[in-house]
S.K.: 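Below is the structure I would like to discuss, written out as structure tokens.
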Number of protein chains: 2
Amino acid sequence: MSADSPSTDVPLPDFLSSSTSILLGKANDLFDEILEAAVEPFGLRSKDFIVLTAIDSIGPQSQQQLARTHGIDRTTMVSVVDGLERLGLVQRARNPDDRRKYAIGLTSEGQALLRHKLGPAMLNALDTFLAPFTHDEREIFNKFLWRLVHERGQAPDQGTGQGRVVPGGTVR
Amino acid sequence: MSADSPSTDVPLPDFLSSSTSILLGKANDLFDEILEAAVEPFGLRSKDFIVLTAIDSIGPQSQQQLARTHGIDRTTMVSVVDGLERLGLVQRARNPDDRRKYAIGLTSEGQALLRHKLGPAMLNALDTFLAPFTHDEREIFNKFLWRLVHERGQAPDQGTGQGRVVPGGTVR
DNA sequence: TATTGTTATACTCTATAACTATA
DNA sequence: TATAGTTATAGAGTATAACAATA
């Protein structure tokens, strides 16, 4: 094994176990697990919940709009909507203004499930995930995440001004 | 089921756009992009970097140990090590104490690449990712992530929340 | 009998290309 | 010509099962 390594002053990258990069991945994996476990009893995936919530909030939309908003491919959205329709949670109606498009809307069952079952289940999942935090800390953490995602491209404060402009992603 | 209530008092789950769950996923996706872009010039994936760093820190290990430590399947680890060996960054030596096991170690080229090129590239990637934060905020964010991952199973700890189990782990 | 590394296989997830119907 | 939805297909990525060598 090696080691002619000049053992220079170059610091060894300490990304293991306590590094932000590793921790972020673990936190994300952990939340994914909690999230999927929360919706699995309803025969859904977390992606289904997001789509249902988007329709409930914004109203009936085309499949492409749903796809673009959430960074999902339109061909993938077909099967997502297929599944939700098979479960009777959404329905495909034609958009009278443009008959190429659907207007994907919630059924009454879909809306009821979302508001009475799925919503609480997801809130509970988030609460489980954020259990180590106090209420105030949860708000701070949320603000941190928001800045991490949205404060891109401008000059922050320190560090290399190497901020990169992240493509895509505009969410209101 | 019944369709009656579009206007019940049940609050609509506000998971969209500014929710912690969505933001966490986006932050993770963003960091993944930055990370993969940082190691791609070296013909590597982020997973390769993690494995190299683990060997450099802990020393030669079996493939199973590497796999278990990082939550990767052992059959997947075969191809990861294959790739790293093909690039001349690691070498497979037999463990004399247990000839079933390999002792995967860094070559001098692997160690040099890791310390002089990959390490700085990854630090730079992390710096880009954390650009919106000041130095102090980066430490706070890191502590938040650490608690999220490690402070599991105990009570929510509604107290200060700060300091307790958190080791003085290096925050980088 | 159990474990390490390996291969072959299967499964999941997603993206690409091509088709239709509409615009 | 361009777009919305669909289908078939292909490509990652990863997990499962079985095998040989070793414990």
Side-chain angles (χ1 to χ4, degrees), chain A residues 25-26 28-29 31-33 35-37 39-40 43-51 54-55 58-86 90-105 167-169, chain B residues 25-26 28-29 31-33 35-37 39-40 43-51 54-55 58-86 89-105:
Chain A
K26 287 191 178 184
N28 198 62
D29 289 348
F31 186 54
D32 267 359
E33 282 178 34
L35 219 59
E36 294 296 340
V39 294
E40 185 272 331
L44 300 176
R45 309 293 298 270
S46 60
K47 188 179 301 178
D48 299 314
F49 173 80
I50 293 173
V51 169
I55 301 173
I58 304 176
Q61 300 156 70
S62 71
Q63 291 183 187
Q64 292 235 31
Q65 183 173 348
L66 285 171
R68 277 192 293 257
T69 304
H70 301 104
I72 303 172
D73 193 84
R74 60 178 180 149
T75 63
T76 303
M77 186 56 66
V78 174
S79 54
V80 172
V81 174
D82 279 350
L84 293 174
E85 193 180 39
R86 203 176 307 120
V90 305
Q91 57 190 6
R92 285 176 159 104
R94 279 291 167 188
N95 180 339
D97 296 332
D98 188 340
R99 288 175 44 73
R100 292 173 302 183
K101 302 180 182 177
Y102 283 135
I104 312 292
Chain B
K26 290 194 176 188
N28 198 63
D29 289 349
F31 186 54
D32 267 359
E33 283 179 34
L35 220 58
E36 294 295 342
V39 295
E40 185 270 331
L44 299 176
R45 308 294 298 269
S46 61
K47 189 178 300 179
D48 299 315
F49 174 80
I50 293 173
V51 169
I55 300 173
I58 305 177
Q61 300 157 69
S62 73
Q63 291 184 188
Q64 291 236 30
Q65 184 174 347
L66 284 170
R68 276 193 293 258
T69 305
H70 303 103
I72 303 173
D73 193 85
R74 60 177 180 150
T75 63
T76 302
M77 186 55 66
V78 173
S79 53
V80 172
V81 174
D82 279 350
L84 293 174
E85 193 180 38
R86 203 176 307 119
L89 302 178
V90 304
Q91 56 189 9
R92 286 175 159 104
R94 279 293 167 186
N95 180 337
D97 296 331
D98 186 340
R99 289 176 42 74
R100 292 173 303 183
K101 302 180 182 177
Y102 282 136
I104 311 293

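Note on naming: letters A, B, ... go to the chains in the order of the sequence lines (proteins, then strands), and numbering restarts at 1 for each one.
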S.K.: Is any N or O donor-acceptor pair between the side chain of B:Thr75 and the base of D:dT16 shorter than 3.5 Å?
M.R.: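 Present.
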S.K.: Determine the minimum heavy-atom distance between B:Ile55 and B:Gln61, stating which atoms define it.
M.R.: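 Heavy atoms of B:Ile55 and B:Gln61 come nearest at CA-NE2, 3.5 Å.
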S.K.: For the pair made of CD in A:Gln64 and C1' in C:dA21, what is the distance, rounded to whole Å?
M.R.: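 Answer to the nearest Å: 14 Å.
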S.K.: Start at the 5' end of DNA chain C and walk down; is the nucleotide closest to A:Pro96 or to A:Ser79 reached first?
M.R.: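 Between the two, 5'-proximity favours A:Ser79.
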S.K.: B:Lys47 has an atom NZ; how far is it from atom C1' of D:dA12, in whole Å?
M.R.: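 Between C1' of D:dA12 and NZ of B:Lys47: 11 Å.
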S.K.: Quick check on DNA chain C: between B:Ser62 and A:Asp98, whose nearest nucleotide comes earlier from the 5' end?
M.R.: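 Closest to the 5' end, via its nearest nucleotide, is B:Ser62.
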S.K.: Students often get this wrong, so: under 4.0 angstrom with heavy atoms, is B:Gln63 touching a base, only sugar-phosphate, or nothing?
M.R.: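 Touches sugar-phosphate only.
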S.K.: Among D:dA15, C:dT16, C:dT14, find the nucleotide with the atom closest to the side chain of A:Thr76.
M.R.: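 Comparing D:dA15, C:dT16, C:dT14 against the side chain of A:Thr76, the answer is C:dT14.
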S.K.: Please tell me which of the listed nucleotides, C:dT6, D:dT7, C:dG5, lies nearest to the side chain of B:Arg92?
M.R.: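 Per side-chain heavy atoms of B:Arg92, the pick is C:dT6.
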S.K.: Once you round it to whole Å, what is the distance between C1' of D:dG5 and CE of A:Met77?
M.R.: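 Atom CE in A:Met77 sits about 12 Å away from atom C1' in D:dG5.
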S.K.: Rounded to the Å, how far apart are B:Arg74 CZ and C:dT3 P?
M.R.: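 My rounded result for the distance is 10 Å.
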S.K.: Distance check needed: C:dA23 P versus A:Asp97 CG, whole Å only.
M.R.: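 So the CG-P distance, A:Asp97 to C:dA23, works out to 10 Å.
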S.K.: To the nearest angstrom, how far is B:Glu36 atom CD from D:dG13 atom P?
M.R.: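 Interatomic distance, CD of B:Glu36 to P of D:dG13: 9 Å.
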S.K.: The side chain of A:Tyr102 is closest to which nucleotide in this list: D:dT6, C:dG5, C:dC13?
M.R.: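 Output: D:dT6.
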S.K.: Can you confirm whether B:Ile104 sits close enough to B:Pro60 that some side-chain heavy atom of one is under 4.5 Å from a side-chain heavy atom of the other?
M.R.: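 No - every pair of side-chain heavy atoms lies 4.5 Å or more apart.
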S.K.: What is the distance, to the nearest angstrom, from the CG atom on A:Asp82 to the P atom on D:dT6?
M.R.: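 Between P of D:dT6 and CG of A:Asp82: 6 Å.
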S.K.: What's the closest nucleotide to the side chain of A:Arg100 if the choices are C:dA23, D:dT22, C:dA17?
M.R.: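 Within the option list, the nearest is C:dA23.
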S.K.: May I ask you to say whether B:Arg92 pairs ionically with B:Asp82, meaning some side-chain N is under 4.0 Å from a carboxylate O?
M.R.: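 A salt bridge is present here (some side-chain N lies under 4.0 Å from a carboxylate O).
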S.K.: I need the minimum non-hydrogen distance between A:Ser46 and A:Leu35, along with the two atoms involved.
M.R.: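 Taking every non-hydrogen atom into account, CB-CD2, 3.9 Å.
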S.K.: Within this structure, what is the NZ-to-C1' distance between B:Lys101 and C:dA2, rounded to whole angstrom?
M.R.: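 Rounding to the nearest Å, NZ of B:Lys101 and C1' of C:dA2 are 12 Å apart.
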S.K.: Hey, does A:Arg94 reach any base, or is it just sugar-phosphate, or nothing, if we go heavy atoms under 4.0 Å?
M.R.: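 Nothing: the residue A:Arg94, judged by heavy atoms under 4.0 Å, touches no strand.
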S.K.: Under 4.0 Å, counting only non-hydrogen atoms across every strand here, what does A:Asp73 touch: a base, just sugar-phosphate, or nothing?
M.R.: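 A:Asp73: base contact, heavy atoms under 4.0 Å.
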S.K.: Would you mind reporting whether A:Arg74 and A:Leu66 have side-chain heavy atoms less than 4.5 Å apart?
M.R.: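 No, every pair of side-chain atoms sits at 4.5 Å or beyond.
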